[in-house]
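As the structure lists them, so they are numbered: ligands from 1, and atoms in each ligand from 1. For the single chain, residues carry numbers from 1 onward in sequence order.
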Amino acid sequence: MKTTINTLIQAATDAYAHAYAPYSHFCVGAAVLDEAGTVHTGCNVENAAYPSGSCAEEQAIGSMVAGGGRLIRAILITGLSDQPITPCGACRQRIREFAQSDTLIYIHDQHRGTLGKYRIDALLPDSFGPDNLSKS
Ligand code: THU
């Protein structure tokens, strides 16, 4: 597992280095480990029309889906901030879509290293998900 975390840290850090954040100057990188063991990355991509920007997690999950992945085994988010960068509300829901109860969500900082580890239920309790749409 240590090797996996280090792989995710490196992958997310590489994506972080490519973040496009000319407006907030708040760069974020994310790396997702899918059910096949493949790692997918993303960074935040801002836009002059501010609401059109996207989060690092959103990009990483989109990359996973485009690559055929359907399950997030682990996701690591990295940046450089005084406060741990936990996923925004919309990204919690995006993670929820492809998470299981044992999916791990790691929070990492470029200076301080790994700061925390969460499960989706802690970040998005009593959530609405795919099961809610299945007919009885
Ligand atoms: N951001 C992310 O990419 N992920 C997060 O978990 C928090 C926020 C981005 C969105 C925006 O480009 C910048 O960080 C400031 O909110």
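- For the pair Thr86 and ligand 1, a heavy-atom separation below 4.0 Å is found.
- A donor-acceptor contact shorter than 3.5 Å is absent between the side chain of Arg70 and the backbone of Phe98.
- In the hydrophobic clustering of this structure, Val28 groups with Ile105; members are Ile, Leu, Val, Met, Phe, Trp, Tyr whose side-chain heavy atoms approach within less than 4.5 Å, directly or through other members.
- Nearest protein heavy-atom neighbour of atom 7 (C) of ligand 1: Ile85 CG2, 4.1 Å.
- Between the CG atom of Asn47 and the OH atom of Tyr20 there is a distance of 7.5 Å, given to the nearest 0.5 Å.
- Of all protein heavy atoms, the one closest to atom 3 (O) of ligand 1 is Ala56 N, 2.9 Å.
- Taking atom 12 (O) of ligand 1 as the reference point, the nearest protein heavy-atom neighbour is Glu46 OE2, 2.6 Å.
- When hydrogens are left out, the protein atom nearest atom 9 (C) of ligand 1 is Asn44 ND2, 3.6 Å; that is the closest non-hydrogen contact.
- Closest to atom 10 (C) of ligand 1 among all protein heavy atoms lies Cys55 SG, 4.0 Å.
- For Pro87, the closest heavy-atom approach to ligand 1 falls below 4.0 Å.
- Rounding to the nearest 0.5 Å gives a distance of 11.5 Å between CG of Leu115 and CD1 of Ile77.
- Once rounded to the nearest 0.5 Å, the distance linking OG of Ser81 with CZ of Phe26 reads 4.0 Å.
- At distances below 3.5 Å, not a single donor-acceptor pair connects side-chain atoms of Asp109 with backbone N or O atoms of Gly113.
- Between Ile75 atom CD1 and Tyr118 atom OH the span is 14.0 Å, to the nearest 0.5 Å.
- Heavy-atom separations between Gly53 and ligand 1 are all 4.0 Å or longer.
- Counting the atoms of ligand 1 from 1 in the order shown, those under 4.0 Å from a heavy atom of Cys88 are 6 (O).
- For atom 16 (O) of ligand 1, the nearest protein heavy atom (residue, atom name, distance) is Phe26 CD2, 4.7 Å.
- To the nearest 0.5 angstrom, Ile85 atom CD1 is 9.0 Å from Gln110 atom CD.
- Protein heavy atom at the shortest distance from atom 4 (N) of ligand 1 is Glu57 OE1, 2.9 Å.
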